[in-house]
Amino acid sequence: MNRRGFLGATLASAAAACGMLPKESAVAPSRVALADVRRLVVERADPIAGRCRYVADLGARRVPQPILFARRGESFDGVIENALPQPTTVHFHGLTLPEAADGAGFDPIEPGARKRVRFEVKNRSGLYWFHPHPHGFTGEQVYAGLTGLLVVTDEDDDALDAALALAPENRLALAIAEARVVGGAIRPYAPSVEDCLHGWLGNRALVNGQLDASWIVRPGWVRLQLLNACNARGLLLAFRDGETLVPFHLLGTDGGLLAAPRELERVFLYTGERVDIGIDLRGRRALVAVSLEFDPRHHTGGAAPRHRHAARERYAPLAAETVCESASGDGAQGRLADGAELALFSLRVDGTPMRTPPLPSRLSALPEPAARPEAPTRRLRLDFDERAGFLIDQTPYRADEIAFSVSRGAREIWEIKNSPISMPHPMHLHGFGFRVLRRQGTYGEARRLAAEPSGRLVTDLGVKDTVVLWPNETLWLAMDFTLPEEAAFRGTQRFMFHCHNLEHEDGMMMRNFSVI
Ligand code: C2O
Ligand code: CU
Ligand code: CU
């Protein structure tokens, strides 16, 4: 059916669909072993509002929006099937994978096509995730609901759960996304010039696909592995019990557990980042997770362009967007300012109290990052161009260009500097976890939250794959480009380095590099 025919056929039910929230808001995800997935189908669940989902086909049953679990060392061998009307990929964010399995934008799967993908999970325990990465379509597809969680476990992870006497229902893996809800309906993706500049923002949190999400947990320790899966919104995460902020413990970051827990009251969680958190719920009835109000320090005004992708013209949007748009008109409707307070989800505490042993003082054998003086420094600049928008080294992304090559096994220091007239950019590196050595030129809330004289934040103390740079900041990162000695990793491997504000990524704030 062509696009006009499709619109005509669905117009009758459009009013109803625009007036209600999609069914996904009622469905809780279920756990699936990564190794059991035979087929991962990427499909559109609702053509009118354009909501999409992953479905894991296990042979005997099909599970929509699964939470995948894997033991370190386990493998995936399955077929990814694209049932969307647009090209897609499945990128496993945070995993060390050869180019063929990384799902970066190099090799998109066309509508109706499929691709076999095989890999082994080599990373430390932690929360990883998967999402589409076809250049120019990433923001639209992620916003449509295409976010999946992958929880990796190992001995350190087991030891922590045992030390906390954790009840199984007290361990949650949550993807915090958001939606633009107007008139009781989730609006489809239709970014304006302003959205392309600062990012596509919503006004309601969508946690594991649910609005007003709430979980019942038992009194005792609760362990939350949280992902910021929003397109662009930075979160200043905190937990409220009435008016008071409840202290919590940071246990881990993007790439697994810290060496030791750190007590906090609030923590920044930018798009693509993860935190592992422990909270003692003894004596509490309910907790609300919120993003506290903060100044996001958007220093950039003016008009950057709306990004044009030749490929986008060839495929239909996911939603029959014109149908819903006429109902509300104003494109900025449902856009809650970045940095505004936002309720995320709640925990209700109920049941027999659990034992609450003290937190272990050691969580893992993670060493302090070494600032090897012999390591060469690579300098990267994040800047803004009136005509092109946000860029890395003043160069708009080109799919066929390799910005630089790194020798396998190399150790480098990356010095990344953000412009003073900019905004926060959560920068993400494919394939390699890295360590933060130092921050300089930090102002505002991020400065106040510095954990040590080096300017590092608490989240900088763990293994990272995504790290936010505030305007005017310079960060020094310790990079290690060691790849596994396996056939799949031989030869030149291409990876990406980009901003995880998805409108910047679909814009031009991305570079390819290769490991040779
Ligand atoms: Cu989470 Cu290159 O992406
Ligand atoms: Cu990634
Ligand atoms: Cu950015």
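For ligands, and for the atoms within them, numbers begin at 1 and follow the listed sequence.
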Compute both the distance and the angle, then confirm whether R448 meets the cation-pi test with Y443: under 6.0 Å from the six-membered ring centre, within 45 degrees of the axis.
no

Step-by-step side chain to side chain contact (heavy atoms under 4.5 Å, CB included) determination, V117 to V90:
CA-CA 10 Å; V117 172; V90 177; over 6 Å; no

Side-chain donor-acceptor pair under 3.5 Å between D338 and H198, yes or no?
no

Hey, are E81 and R116 close enough for a salt bridge, meaning a charged N less than 4.0 Å from a carboxylate O?
no

Report, rounded to 10°, the angle at the Cu ion (ligand 3) between the two atoms ND1 (H504) and ND1 (H425).
110°

Identify the two heavy atoms, one from R44 and one from L318, that lie closest to each other, and give their separation to 0.1 Å.
NH1-O, 2.8 Å

Would you confirm whether the ring centroid of H498 sits within less than 6.0 angstrom of the ring centroid of H133?
yes

Do any protein N, O or S atoms sit under 2.8 Å from atom 2 (Cu) of ligand 1, and which ones are they?
H133 NE2, H430 NE2, H498 NE2

